[in-house]
Amino acid sequence: MASQVNIAIIGAGGVGKCFLGQLEKLAQRRPNPKLVLTYISTSKKALYNADHAAVGIDNVTSNLASSSQAPLAPPKLVEYLKSPGSKTVLVDNTSSQDVADAYPLFLSNGISIVTPNKKAFSGSYKLWQDIFSAAEQSGAKVYHESSVGAGLPVISTLKDLVDTGDEVTKIEGVFSGTMSFLFNSFAPTSGSGGQWSAEVKKAKELGYTEPDPRDDLNGLDVARKLTILARLAGLEVESPTSFPVQSLIPKELESVSTGDEFLEKLPQFDSQMEETKAAAEKEGKVVRFVGSIDVATKQVKVGLEKFDLSHPIAALKGSDNIISFYTKRYGSNPLIIQGAGAGGEVTAMGVTSDLLKVLSQIA
């Protein structure tokens, strides 16, 4: 049994900081194997010792901020992490495509990976194949629970269903905390809800959207999550742009230069969303922004759908996610996972939980 496992971390933003807190407590709670932080970096700075001595975890964020070391490029980082001969886990708490592209390199060198980075698993299908074949050949592990639904057990559940031989027929749900919050406020199951543009503005002020809300409203974040789940369910989805994704950005506002200008002009287009809402109300339904995967017909799509008020998707609260798995074993009533699908602590929890899985297999 390995008495020590080295941990390298890339990314020290919101999720990264929460993960550091969880890692520190984990190391105290579970002294075996000893978890040793040997490398941490942001996009601009790094903290590590040439002799691989531990980086103290207690003041690590302030020490990193004042560090004069630059981050190591992936090939150099592989060399650094491999040389002591200890088992190593790389924790990628970024959403960087460059880091994601280097996963096959890390894995083929025996370095395991845990990450919430969606780009690694929703980029090209070739990268997906390269990642898992590199892991298979070297025996390194790769887990990415938090790439869909933060800490909710979405990916582990789907993997268990598939690995135990159940047949997944359909996956459907609300995969974006932002979209959940917007539509629960804009088209509530009781009461009238506010104007669309006002709800988008409010969501941004409360920190539920990206700095430029168009990065949420274009549907790509949901499309990335659906790409990951569809691939896990056995569909060879080429990329998040290879199936229909409905954007909620009015055509005329796609090219305005800033998010603020977008919010300023959005009220001019409220009538489009009002019509959609009214059409659903006429049928006694509410409109929601959902993703669905029909495994039999291999159809993946993201966009607005209408739901009866009694449907679990209609009754969501706040910014919760909900994911329904329809399978042969579960019959007509799906297996449903629901809860917070965004936030630093719950996202980091998914990463920490993946780290525990890796440790149980390599240490």
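Keep in mind the model is a prediction, meaning the values are calculated, not measured. Keep in mind that the numbers below use all heavy atoms, side chains included, and drop hydrogens, waters and symmetry copies.
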Does the side chain of I40 reach to within under 4.5 Å of the side chain of V60, using non-hydrogen atoms? yes
Any side-chain heavy atom of I228 sitting closer than 4.5 Å to one from I155? yes
Output all residues satisfying side-chain contact (heavy atoms from CB on, under 4.5 Å) with P334, sequence neighbours left out; order by chain, then residue number. S324, Y326, I336
What I'd like to find out is whether the side chain of Y103 reaches to under 4.5 Å of the side chain of H144, using heavy atoms alone. no
Look at E281 together with K277 and state whether they make a salt bridge at an N to O cut-off of under 4.0 Å. no
D92 backbone acceptor or donor facing T115 side chain under 3.5 Å: yes
If every non-hydrogen atom of N117 is compared with every non-hydrogen atom of F121, which pair is closest and at what distance? O-CD1, 3.5 Å
Identify the two heavy atoms, one from P312 and one from I322, that lie closest to each other, and give their separation to 0.1 Å. CB-CD1, 3.7 Å
Please answer whether the main-chain N or O of P104 pairs with a side-chain N or O of D130 as donor and acceptor at a distance below 3.5 Å. no
With sequence neighbours excluded, tell me which residues meet salt bridge (Lys or Arg N to Asp or Glu O under 4.0 Å) with K82. none
Under the side chain to side chain donor-acceptor pair (under 3.5 Å) test, which residues partner Y143, sequence neighbours left out? Q361
Side-chain contact, heavy-atom cut-off 4.5 Å: F183 with M273? yes
Return yes when atom CD of E136 has more than 12 non-hydrogen atoms of other residues, nucleotides or ligands closer than 6.0 Å, and no otherwise. no
Can you find a pair of side-chain heavy atoms, one from K87 and one from I111, that are under 4.5 Å apart? no
Decide side chain to side chain contact (heavy atoms under 4.5 Å, CB included) for L253 and L266; before the verdict, give the C-alpha distance in whole Å, the side-chain angles of both, and the deciding distance to 0.1 Å. CA-CA 8 Å; L253 299 185; L266 190 58; 4.1 Å; yes
Across all chains, not counting sequence neighbours, the ring-ring contact (aromatic ring centres under 6.0 Å, His included) partners of F132 are W128
Do the charged groups of E172 and K170 touch, with an N to O distance under 4.0 Å? yes
I'd like to know if the side chain of Q195 and the backbone of P267 have a donor-acceptor N/O pair within less than 3.5 Å. no
Looking only at heavy atoms, which two atoms of N184 and G318 are closest? And how far apart? ND2-O, 2.9 Å
Report whether L359 and V91 are members of the same hydrophobic cluster (ILVMFWY, side-chain heavy atoms less than 4.5 Å apart, transitive linking). yes
Contacts of K119 that satisfy salt bridge (Lys or Arg N to Asp or Glu O under 4.0 Å) - sequence neighbours left out: none
Side chain to side chain contact (heavy atoms under 4.5 Å, CB included) assessment of E274 paired with W196: CA-CA 8 Å; E274 277 305 320; W196 174 249; 5.6 Å; no
May I have the step-by-step check of side chain to side chain contact (heavy atoms under 4.5 Å, CB included) for V5 and V36, ending in yes or no? CA-CA 6 Å; V5 174; V36 180; over 6 Å; no
Hey, is the main chain of K285 close enough, under 3.5 Å, to the side chain of K306 for a donor-acceptor pair? no
Return the CD1 to CG distance between I323 and L229, rounded to the nearest 0.5 Å. 7.5 Å
Which pairs, with at least one residue in residues 173-191 and sequence neighbours excluded, count as a salt bridge (Lys or Arg N to Asp or Glu O under 4.0 Å)? none
Could I get the full list of salt bridge (Lys or Arg N to Asp or Glu O under 4.0 Å) partners for K141, not counting sequence neighbours? none
With rounding to the nearest 0.5 angstrom, report the CG to CG distance, L23 to L355. 7.0 Å
N93 to G16 - nearest heavy-atom pair and separation: ND2-CA, 3.7 Å
Give a yes or no answer on whether the side chain of E305 reaches the backbone of V290 with a donor-acceptor pair at less than 3.5 Å. no
Determine whether a donor-acceptor pair (N or O, by modelled atom type, separation under 3.5 Å) exists between the side chain of R288 and the backbone of G173. no
Considering only Ile, Leu, Val, Met, Phe, Trp and Tyr, and joining two whenever side-chain heavy atoms are under 4.5 Å apart, list the other residues clustered with V286. L309
Between V300 and A230 the two heavy atoms that sit nearest each other are CG2-CB, 4.1 Å
If you measure from CD1 on I171 to CZ on F325, what distance do you get to the nearest 0.5 Å? 5.0 Å
Between I362 and S112 the two heavy atoms that sit nearest each other are CG2-OG, 4.2 Å
Does any pair with a residue in residues 42-60 pass side-chain hydrogen bond (donor to acceptor under 3.5 Å, both in side chains), and if so which ones, sequence neighbours excluded? H52-S83
Summary of salt bridge (Lys or Arg N to Asp or Glu O under 4.0 Å) pairs that have at least one residue in residues 221-235, sequence neighbours excluded: K118-D221, D221-K225
Pairing residues for D212 by the salt bridge (Lys or Arg N to Asp or Glu O under 4.0 Å) criterion, not counting sequence neighbours: R214
Does the side chain of D270 pick up a donor-acceptor pair with the side chain of S197 at under 3.5 Å? yes
Any side-chain heavy-atom pair of P84 and N6 under 4.5 Å: yes
Stepwise side chain to side chain contact (heavy atoms under 4.5 Å, CB included) test for Y125 and V237: CA-CA 7 Å; Y125 190 65; V237 174; 5.9 Å; no
How about Y330: does its OH atom have over 12 heavy atoms from other parts shown lying under 6.0 Å from it? no
Looking at K202 and E199, is there a salt bridge between them, counting it only when a charged N and a carboxylate O are closer than 4.0 Å? yes
For N63, is there any backbone N or O sitting under 3.5 Å from a side-chain donor or acceptor partner on S67? no
Are L182 and L248 joined in one hydrophobic group, where the rule is that I, L, V, M, F, W and Y side chains link up if heavy atoms are under 4.5 Å apart? yes
Tell me if the NZ atom of K357 is crowded by more than 12 foreign heavy atoms within 6.0 Å. yes
Between D166 and T327, does any side-chain donor sit less than 3.5 Å from a side-chain acceptor? yes
Minimum side-chain heavy-atom gap F186-F181 below 4.5 Å: no
Going by the side-chain hydrogen bond (donor to acceptor under 3.5 Å, both in side chains) test, which pairs reach into residues 332-345, not counting sequence neighbours? Q22-E345
Are any side-chain N or O atoms of T209 and backbone N or O atoms of P213, one a donor and one an acceptor, separated by less than 3.5 Å? no
Is there side-chain contact between N321 and S176, with at least one heavy-atom pair below 4.5 Å? no
Passes salt bridge (charged side-chain N to carboxylate O under 4.0 Å, His left out), E205 versus K201? Steps please. CA-CA 6 Å; E205 282 161 6; K201 196 163 179 254; 3.7 Å; yes
Whether the side chain of Q246 engages the backbone of L304 through a donor-acceptor N/O pair (distance < 3.5 Å, no angle test) should be reported. yes
Check: L316 main-chain N/O paired with D320 side-chain donor or acceptor under 3.5 Å: no
Rounded to the nearest 0.5 angstrom, the CG-OG1 distance for L232 and T157 is 11.5 Å
Pair Q272, T276: side-chain N/O donor-acceptor within cut-off below 3.5 Å: no
